[in-house]
There are 2 protein chains.
Amino acid sequence: MLTFTEENYLKSIYHLSGEGQKPVLTTQLAEGLDTRPATVTDMLKKLAAKELIVYEKYYGVELTRKGKAEALTVIRKHRLWETFLVEKLGFSWDEVHEVAEQLEHIRSPLLIEKLDIFLGRPKADPHGHPIPDKHGKLPVTAQTPLAAVAVQQQATVRAVRHASSVFLKYLSKIGVYIGASLQVTERNAFDHSVHIVIDGKKKAFLSREASENILVTPG
Amino acid sequence: MLTFTEENYLKSIYHLSGEGQKPVLTTQLAEGLDTRPATVTDMLKKLAAKELIVYEKYYGVELTRKGKAEALTVIRKHRLWETFLVEKLGFSWDEVHEVAEQLEHIRSPLLIEKLDIFLGRPKADPHGHPIPDKHGKLPVTAQTPLAAVAVQQQATVRAVRHASSVFLKYLSKIGVYIGASLQVTERNAFDHSVHIVIDGKKKAFLSREASENILVTPG
DNA sequence: TTAAAAATTTAGAATAATCTAAAAAAAAAT
DNA sequence: ATTTTTTTTTAGATTATTCTAAATTTTTAA
C-alpha cells in the first residue's frame, strides 16, 4: 500500500512526463513537489524498489505500467472530488484544488464507485480535465489552445490548461467559463493578444499567455 | 496544527472518558488505538506539551478545553461524513465507519460548512449519534437503553451504542432501524432477554446485551 | 503489611520522510 | 578539449511514530 507521499510523487511524475511520454528529471520533481533534489533522489530509489518507476541515475525517471495505474487512480479520485465540490457543494472552480489534494488520498474503492454514480459518471472535472474511468482509461479529446484559433472563427471553451487559482478567478471575472462560445474578433500581430466576444455578447481582451491556456474545440 | 495520529488520540480520549468525565488510562488508550502502552506514553507527553491534555504519570489523562474542542471538531467531521455516505451515496450504516475514519481528518473549514448545509444541518448521524455544531455544542437527548424499558411499554429507536459492523448488520436483519417503533412484549427474568414487536408488525428476540445497546425514547 | 501481580514508564532501537553540505557526474561554454 | 557551471547523488543528521525489553510504580491479594 502506498503512502500519501508516494502517491504524490507518482501523480507528479505522470503530469510532468506529459501523460508518460518523456522522462522526468530530479530537479523538475523537486520543484513540482516543493522539496529538495536530495529528497527526491531518496524517494525515487524507494519507488524503483517497489517497481512503480524505472529510475536511471542522472538520466531521469519513468512510470512503469503499475506506477501509471496508481497515478491514474489518484487523478481519477482528485477529479471526481473536484466535480463533487463544485456540482454538489457549490464551491467555485478556483477553490477546489487544495481540498481535492487531500481527498484524493482517501482509500475506498466502494466510495469512489458510489461517488462516480452519484455524480452521473462525469467525463470531465470543473476545469475540463478528463476523468479516467476505473480502469485508467482517459476519454480522448481534440482540443486546441485559443491562441491557435483564426480570427473570426467560432470556438467553444472545453478546458483550462494551468488551473491556478488566480487564472481561474480572472477568467470568471471577464466571463469565460467551460462551455462558453467564443469568437476571436481581432489578433494583435505584435504580441498575439486577442479581442474576443463571449456568447455573442460580452467583449474581452486576452494576452497571448491567457489564450494559450484556454482549450477550445471549433464551432 | 495536529497530525492525524494526534487527532485520533484526542478523539479516543474523548470517547473513553465518557465525554470528558473520568480520566483515561494508558492501557485503555493502547487497547482503543490498537497500539502499545509505551507508544501511548510517548504520545501523551507530546500532547501534554501542546496543552491538549493534562497528563499525570501513572494516574491518567484528561482533555483540556483546547483538546476537547479539537476532539469535537474531529467527531463533528466524522459524523457529517457518515451522514453524507448514507444519505447521499447510498452506503448502509454498517459500511461507513472505516471511510469516515479517513474523511474526518480532511482539513477545510469551508468544506465542513458547505457539507453541513448540503446535508440540511443534520442533528444526528446514521447511528443516531449527535453531531456537534461548529462551536462544539452537542444537542442534549434523554435516551435510555431498551433494556430499561418496562414490558408492554412503547418506545422509539433513537440510536445504537456500539456501532460495530456485525451488530448493525444483525439489527438490519431483524428489522430494527433508527426511528422504528418498538414494544417490549416479554422479558425473561433469568437472562433479561426480550421479545419485541417492531412497528406493530414484525416480532423479534433480543439478548440482554443487544437491548443494552439500543437507545430509545418513550412513546 | 508485605509479597506478588498488573500497569506504566524509561531506555534504546527501527522506519519514513525530510534536510544541509560535500562529492560526483553530466552539460555547457570557452 | 579543457574548464566552468549545473545537476544529481551520497553522506550524515533530524523529527515523528512506533516497537521490544527492562525498570519502576501502583494495585491487589495473601
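Note on naming: letters A, B, ... go to the chains in the order of the sequence lines (proteins, then strands), and numbering restarts at 1 for each one.
Between B/Lys11 and the options B/Glu101, B/Glu70, B/Glu6, a salt bridge (Lys or Arg N to Asp or Glu O under 4.0 Å) holds for only B/Glu101.
Nucleotide C/dT15 holds its P atom 16 Å from the CE atom of A/Met43, rounded to whole Å. In this structure, A/Tyr55 places its OH atom 6 Å from P of D/dT10, rounding to the nearest Å. Rounded to an integer number of Å, the gap from OH of A/Tyr59 to P of C/dA26 is 14 Å. Spacing between atom CG of B/Asp42 and atom C1' of C/dA13 amounts to 12 Å, rounded to whole angstrom units. Residue B/Arg36 contributes atom CZ, which lies 10 Å from atom P of D/dA21 at whole-angstrom precision.
A salt bridge does not link A/Glu95 to B/Lys114: none of the charged nitrogens lies less than 4.0 Å from a carboxylate oxygen.
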Identify each donor-acceptor pair in which a side-chain atom of residues 127-134 of chain A lies under 3.5 Å from a protein atom, sequence neighbours left out, and give them as a table.
unit_1, atom_1, unit_2, atom_2, d
A/His127, ND1, A/Glu82, OE1, 3.1
A/His127, NE2, A/Trp93, O, 2.8
A/His129, NE2, A/Val160, O, 2.7
A/Asp133, OD1, A/His135, N, 2.7
A/Asp133, OD1, A/Gly136, N, 3.1
A/Asp133, OD1, A/Lys137, N, 3.0
A/Lys134, NZ, A/Glu113, OE1, 2.9

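Across all strands shown, A/Thr26 has heavy atoms under 4.0 Å from sugar-phosphate atoms exclusively, and none from any base.
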Restricting to nitrogen or oxygen on both sides, can you table the protein-nucleotides 23-28 of chain D pairs closer than 3.5 Å?
unit_1, atom_1, unit_2, atom_2, d
D/dT25, O4', B/Tyr58, OH, 3.4

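Legend: residues meeting ring pair (Phe, Tyr, Trp, His ring centres under 6.0 Å) with A/Tyr177, ordered by chain and number and at least two apart, are absent.
Judged purely by distance below 3.5 Å, without hydrogens or angles, the side chains of A/Asp125 and A/His78 never pair a donor atom with an acceptor atom.
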